[in-house]
Amino acid sequence: MKKVFLTICIMALSFSTFGQAINRIAVIPEPVSTIEGQGIFSLPAKITLIRPVGNENDRTIDFISEKLSNAGSKVVVKKSGKGTIILQLNRTKNTTIGDEGYTLSVTPKNVVISANTPTGLYYGAQTLIQLFPPEIESKIATTNVKWQIPALEIIDYPRFEWRGLMLDVARHFFTVDEVKRYIDQMSRYKYNRLHLGLTNDEGWRIEIKSLPKLTEVGAWRVEKVGNFGTFSHPLPDEPKNYGGFYTHEQIRDIVKYAKERFVEIMPEINGPGHSLAAIASYPELASTPDAKNYNVRAGEPIINWSARPRYTAYIDNNLCPANEVVYEFLDKVITEVAELFPFEYIHAGGDETTYNFWEKSPEVTKLMKREGLKNMAEVQSYFGKRFEKIIQSKGKKMMGWDEILEGGITPTTALMSWRGIQHGIEASKSGHYVVMSPTQHTYIDYMQGDISTEAPVYATLRLHKAYEFNPVPDEANPKFILGGQANLWTEQIYNYRQAEYMTWPRGFAIAESVWSPASTKNWDNFVKKTENHFKRYDYAQIKYSPAIYDPIVNVRKKGEKYYVELTPEIKGLDIYTSFDNSEPDNFYPKYSQPQLIPKDAKLMKIISYRDNKPIGRMMTITVEDLKKRAK
Ligand code: ACM
């Protein structure tokens, strides 16, 4: 059945034949080159799809067939002959597009996608489907949609080989089906690396057959909801009924599923810090005798982040660097992990190690003397080097968070730069491979809008800031920058819908930063495309954040007076406010300048409209909160 084309307006936006060229094409990430041709391709009811010679990957064909069947078209797959959609692997390599690029030619007659590899064909298919109206994503049949796309020629290939998302499955557990859904969604935006955070203080999520307690004990904790990090301590009689882990069979299934979508999975086994789940399972791994009383963290405070000169731990969540048992443990873990994940890198963590328990440990003191280690950073470096040897002994390369630079690293270690870009710049200059993942641009666990509309997190990353992400700063050695990655830490993410909400649309912005040439990036155009993809997500029933419609709220204090300054993140919005407890609408005075908080007011309400329709969320902020924000 054909689907409804919702309004003439969408049509006018989509097709230049109706006199408007704006946003007729809304491909994310932006292709390297798009040249519009003459005429329109209309999808016939019966489509012949010509499969490429020598292609073993059926996923691309299944993907196109599934999507076009949403458009009511029946797809017949043939090996040769005249086709409506032709997929072809180049006999002679097209050197411009490399191993992941493609060319896409749309004429009124047919569609041809060419690539050097099946990966390129998969990405070409993603672009093709994005060229159709948003209803192509609908889970339910719609009618009267014009399944047309403008004639064009696209040449496209990635800027970086590493286009990553990190999903933390330790803080909150996500099922195999949810991880697969995440892979599906990311690969549609041409992401090709999924970094799975498999271990942390709050859970151990991978079966290790030679260490069964890791999942018998380490995968389970007391269930709590609210503001993670502030919870009360779990009591001995509270059931440990929250958690889960992936069996070997499930990991193999996820890896295969990802591979079919051209996504490589990098497992992270974090050490020496963030290891409480392992220590709760095997207390001998810590340098503290007390560890036998430890539990998997359920969200209670375990680190004092405001301690100086360095944060300190209330309980010892570190593997002991001076105990051979730890290296035997890591060897067992990495043996199984290396067998399960074919990807070349294993991430060894290394972030946020606390030193206060090591400082008190006679074993660590002895180790320092024996090895001539001058400080705790060097102790961590000793651990890191031994961890790397284990990883390399299984035929893999090690990557770690940027703290591992501090005590010195081997030339073969790769770095993930998260505390800004400086560590990544430094590492690239000294010849280490780097993935840029700075908090300022890629931490998608941060709030993306005002705290009045978001699940509270300690920091904010708005969409425009994510869009500014440039994985290769001027000072870096570009030869060693593998690419970039956004990280979804899940302390405050209790379910998969929220994981989607936090990932999109910032995932669109990062995708464009790691795929598209810097010269094609354009914020206004990106916003229009993002709104087109919001419609796609509405049809696909994928959750996303509409925070771009809610203004940025700043408060300035002048003398004894407070002024609220509202800055829209995107163009074309009208903002209405009230201080009288009523809900403003577009008949209220329009915001035009910073607003004085009236003397006895209690609440401010704020809403955005576009074309006289509400588009933002009703934001309600107490005057007390506003005053606390004053600069
Ligand atoms: C990190 O965010 N602790 C790597």
Side-chain angles (χ1 to χ4, degrees), residues 162 164-172 193-203 205 228-229 266-278 297 299 301-307 310-313 317-319 345-355 376-377 380-381 383-384 387 398-407 409 413-427 432-448 457-461 465-466 469 471 482-493 499 502-503 506 510:
W162 191 295
L165 289 179
M166 190 280 282
L167 178 63
D168 167 12
V169 294
R171 270 52 179 276
H172 281 99
R193 300 280 183 268
L194 175 64
H195 169 175
L196 274 186
L198 289 167
T199 74
N200 221 303
D201 299 315
E202 298 80 2
R205 304 285 176 226
F228 201 94
M266 175 171 67
E268 177 177 343
I269 304 297
N270 200 339
H274 286 288
S275 292
L276 189 57
R297 183 184 181 219
I302 61 165
I303 291 180
N304 177 2
W305 294 108
S306 28
R310 188 184 176 89
Y311 41 82
T312 53
N317 66 337
N318 293 315
L319 301 176
Y345 281 102
I346 292 178
H347 198 297
D351 60 320
E352 299 176 325
T353 309
T354 50
Y355 295 157
M376 288 301 148
Q380 177 165 353
S381 167
F383 172 91
F387 200 173
M398 181 171 107
M399 184 172 286
W401 297 112
D402 58 47
E403 283 94 330
I404 62 169
L405 267 184
E406 283 163 20
I409 55 170
T413 308
L415 204 79
M416 197 164 260
S417 186
W418 73 280
R419 294 173 304 166
I421 52 174
Q422 209 47 45
H423 303 288
I425 292 172
E426 231 177 89
H432 294 90
Y433 283 106
V434 171
V435 174
M436 284 291 194
S437 193
T439 53
Q440 294 87 339
H441 297 289
T442 69
Y443 264 43
I444 56 173
D445 59 321
Y446 291 178
M447 297 181 293
Q448 49 209 315
V457 182
Y458 59 89
T460 302
L461 170 66
K465 207 68 189 149
F469 176 45
L482 294 172
Q485 179 171 297
N487 295 332
L488 188 64
W489 301 104
T490 60
E491 285 96 326
Q492 310 296 345
I493 299 177
M502 298 301 280
T503 304
R506 289 179 295 191
I510 305 295

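Both ligands and their constituent atoms are indexed starting at 1 by order of listing. Along the sequence shown, residues are numbered consecutively beginning with 1.
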Is there a polar contact, in the sense of an N or O pair closer than 3.5 Å, between Glu352 and ligand 1?
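Checking ligand 1 against Glu352, an N or O pair does fall under 3.5 Å apart.
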Any nitrogen or oxygen of Asp351, main chain or side chain, under 3.5 Å from a nitrogen or oxygen of ligand 1?
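The answer is yes, given that Asp351 and ligand 1 share an N or O pair closer than 3.5 Å.
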Between Arg419 and Glu406, is there a salt bridge with N-O shorter than 4.0 Å?
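Answer for the salt bridge query: yes.
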Tell me the contacting part of Met416 for ligand 1: side chain, backbone, both, or neither, using a 4.0 Å heavy-atom threshold, strictly below.
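No part of Met416 comes within reach of ligand 1.
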Heavy-atom check, side chain of Asp445 versus side chain of Asn487, under 4.5 Å
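Not touching, per the 4.5 Å side-chain cut-off.
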Quick check: do Val435 and Met166 have side-chain heavy atoms less than 4.5 Å from each other?
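No, every pair of side-chain atoms sits at 4.5 Å or beyond.
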Just to confirm my output: which protein heavy-atom neighbour is closest to atom 2 (O) of ligand 1, and how far is it?
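Scanning the protein heavy atoms, the shortest distance from atom 2 (O) of ligand 1 goes to Tyr443 OH, 2.6 Å.
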Which atoms of ligand 1 sit under 4.0 Å from any heavy atom of Trp489?
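Reading through ligand 1 atom by atom, the close ones are 1 (C), 2 (O), 4 (C).
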For Trp401, take its heavy atoms, then give the atoms of ligand 1 lying under 4.0 Å from any of them.
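With Trp401 as reference, the close atoms of ligand 1 come out as 4 (C).
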What about the rings of His347 and Trp401, do their centers lie closer together than 6.0 Å?
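So the answer is yes for these two rings.
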Cation-pi, Phe228 ring and Arg171 (6.0 angstrom, 45 degrees):
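Because its charged atom misses either the 6.0 Å distance or the 45° angle limit, Arg171 does not stack over Phe228.
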